[in-house]
2 protein chains.
Amino acid sequence: MSSENENGGQVTIRHVAARAGVALSSVSRTLSGHPDVSPAMRAKVEEAVKALGYEPDFLAQSLRSGTTRNIGFIIRDIANPLFALVARACEQELRRNGYSMILMNSDGSVETESKNLMLLRRRRVDGVIASLVAEDSPYIKKTILSLRRPLVLLDRDMKDLNASAVITDHYTGVFEATKHLLDKGHRRIAFVTGSENVYTTRDRLRGYRAAFTAAGEEVSEKWMALGGFDPEYALVHTRNFLSKNPRPTAIIAGGIGSTAGSLRALNELEIEIGKDIAFVALDEWPLFDIFRPKISSVYRDAQAMGVEAAHLLLEMLNGKNPSESVIETKFTARTSSEGGL
Amino acid sequence: MSSENENGGQVTIRHVAARAGVALSSVSRTLSGHPDVSPAMRAKVEEAVKALGYEPDFLAQSLRSGTTRNIGFIIRDIANPLFALVARACEQELRRNGYSMILMNSDGSVETESKNLMLLRRRRVDGVIASLVAEDSPYIKKTILSLRRPLVLLDRDMKDLNASAVITDHYTGVFEATKHLLDKGHRRIAFVTGSENVYTTRDRLRGYRAAFTAAGEEVSEKWMALGGFDPEYALVHTRNFLSKNPRPTAIIAGGIGSTAGSLRALNELEIEIGKDIAFVALDEWPLFDIFRPKISSVYRDAQAMGVEAAHLLLEMLNGKNPSESVIETKFTARTSSEGGL
DNA sequence: GACAATTCTGGAATCGGTTCCATTTTACGA
DNA sequence: TCGTAAAATGGAACCGATTCCAGAATTGTC
């Protein structure tokens, strides 16, 4: 259990070799399961390992083998409940396969993200899983290319990167949600979410537009606020929409942060959700099904995203080519999308 | 930017030395800011570093220096919103100080936790921050002692471990919350939370009992369910309490998971919170202030916990002795603690 | 101009493993 | 019994850095 000898120093393979009275190369061979090891040797080495409580040093192994069994995981914000679920599932799956996860928050900043990537490269992680802040930063692109390690993107669509990706079929869910509102008679449906420099927004927007088109209605840019996933942005723009006359009869908030900000604005103005206005959230908070008002939402399985990301990365680490995995979305109408008309 | 040469191999200090036409020890000295370096040498080395895009390898530096600048972070579940906030703040603070965080979920299992600790030891992390599953496992205690690295405990009270700790003053908040309910006339106040093998529960229980005593009332074990922080446990036991006759007029749920489970039980049974029953949560979910019913709660600053944990660890890494940092709690009455009588 | 003190620099050892290569030992068939 | 192939083992190089030590170059002083 100890892995440290009585002098406080670390127990190394040399100590084991000395105690067993063999060469250290023999100890290494024995422990790494090399075939050319006699039973006598095995016995001697195992006795010494046990007696000294020897544990091989990951660091030294990594330096020699060139593989750290460390995976970098970069997201905007681990406190985002969706990302937290992704991270948990992903960490479990990686751990199960002998890898550890180095977690880094990018805080929504391209600069921090880029620094983090460079740090991960210096730390020689075997691979990276990332939810990038933006797809259109040439700087990030260059940094990523210099990684030269397997990469899995979360919900991003970037070519020439030789990366795998877990992408979400936002289109279907958002189409259904928008259609649901249009069917009820809503026409002024505000859409508050992050900017179009990420696939997430583009695919959601595609669903939103398609539903209008399918209903034979015009989409108006006027009711779109596509500027950021942070609650503050959604708060400000929801407030702004609600001060218009006529104001929107429904709001779709895209993403966890936007939902928080939008709900806060409605709360401030004491507009009752599901009665004075219809509301749909894209992505779910925990407890959505318990709290009142029950929030209508487009759901996706965050845990599956984490597991898939881990699998795609493990596949690449085993030499396979990059590939994509698609996560479904499902719209569920609850009480929050009632009223408003 | 690249750190790889045209052959795809890593650029090492040897390449730099060769290009600059100097010894590799001189390169090392130059880069590590050793005083005995001539301006001419500095210029040659810096040119070569720039030209080759050299970046020192963390792994090799770690092996040589014996310090990895990696910190292990072990919690039950990163998807717990409280832990997620702690983790985010902690990671930011560590990163700011040049450390990276290796995240591991213990999934509430002592065995997983212990395996994780052993893995962190093998990875030679410089320190560990942990929210242990239980305080009374001699096995964990032994594993921790064998770590021989600075350790910061989150909300745990364990002696003989030579660890720092961020502890929460649950007593005050829970006392206030319980007093609030007693003052309103509640006597059957159910308490659903994790088991007494963690400080968290013991300190909360102390506040709960003290409030009864202060009010001249008897505490009954009958209304306590102290068996686990998982939602499932709280669900089952809340259900059970509510099937009794007479049933509790108020419920205190301790912790994020317990709150989720308890709320789910109330939801199932269609008991209206804040009207049919009074409800108080210990620790907050995000959006507590927005959703209806507005949940009365005992709040603590999770971000501060993360920052404090990082600071305590950094202090120990700088050779200081272990110490403790206390986080306050504050009870806020909202609508959920109305009614029930 | 000579000598001592100081500043720089290069070589080698080291961190803790893995793996190649050469040598010794064993096993087996002729 | 001998020869050869296979199995087993030890020694040394290596992964990519840091640091000690010794020697070279420079500076300063008399």
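In what follows, every heavy atom counts, from backbone to side chain, and hydrogens, waters and symmetry copies are set aside. If you're wondering where the values come from, they're calculated on a predicted model, not measured in any experiment.
- Shown here is A/Glu47, whose CD atom has more than 12 heavy atoms of other residues, nucleotides or ligands within 6.0 Å.
- Cation-pi check for B/Arg123 over A/Phe58 is met; the charged atom lies under 6.0 angstrom from the ring centroid and within 45 degrees of its normal.
- The separation between B/Leu31 atom CG and D/dT18 atom P is 7 Å, rounded to whole Å.
- In this structure, A/Tyr54 reaches the C/dG17 phosphate: one of its side-chain N or O atoms is under 4.0 Å from OP1 or OP2.
- In this structure, the CZ atom of A/Arg29 is 10 Å from the C1' atom of C/dC20, given to the nearest Å.
- Of the two residues contacting DNA chain D, namely A/Arg64 and A/Val37, the nearest-nucleotide position lying further toward the 5' end is that of A/Val37.
- Within the 4.0 angstrom heavy-atom criterion, only backbone atoms of the sugar-phosphate kind lie near B/Asp57; the bases stay farther away.
- Put simply, CZ on A/Arg69 is 13 Å from P on C/dT18, counting in whole angstrom units.
- Applying the 4.0 Å criterion to OP1 and OP2 of D/dG11, one finds that A/Ser25 has every side-chain N and O outside that range.
- Of the two residues near DNA chain C, B/Ser65 and B/Arg42, the one whose nearest nucleotide lies more 5' is B/Arg42.
- Between C/dG10, C/dC8, C/dG17, one nucleotide has an atom nearer to the side chain of B/Ser26 than all others, and that is C/dG10.
- A close approach under 4.0 Å does not occur between any side-chain nitrogen or oxygen of B/Ser38 and OP1 or OP2 of C/dC8.
- Side chains of A/Asp107 and B/Gln92: a donor-acceptor N/O pair is present below 3.5 angstrom, by distance only.
- Atom CZ in A/Phe58 sits roughly 21 Å away from atom P in D/dC15 (whole-Å rounding).
- Taking atom CE of residue A/Met41 and atom P of nucleotide C/dT24, one finds them 16 Å apart after rounding to whole Å.
- When rounded to the nearest whole Å, the span between CG of B/Leu63 and P of D/dC15 equals 14 Å.
- If you check every strand for non-hydrogen atoms under 4.0 Å, B/Arg124 touches sugar and phosphate atoms only.
- The distance between atom NE2 of A/His34 and atom P of C/dC21, rounded to the nearest whole Å, is 13 Å.
- Rounded to an integer number of Å, the gap from B/Arg123 CZ to C/dG16 P is 18 Å.
- Salt-bridge check for A/Arg29 with A/Asp36: failed, with every basic side-chain N at 4.0 Å or more from each acidic carboxylate O.
- Between B/Thr12 and D/dG16, a side-chain N or O to OP1/OP2 separation shorter than 4.0 Å is absent.
- Of the candidates C/dG17, D/dA17, C/dG10, C/dG10 carries the atom nearest the B/Ala23 side chain, counting heavy atoms from C-beta on.
- Taking side-chain N and O atoms only, A/Ser28 has no distance below 4.0 Å to OP1 or OP2 of C/dT19.
- When the side-chain nitrogen and oxygen atoms of B/Gln61 are compared with OP1 and OP2 of D/dG16, none of them lie within a distance under 4.0 Å.
- Panel note: side chain B/Ser100, backbone B/Asn70; no donor-acceptor pair is recorded below 3.5 Å.
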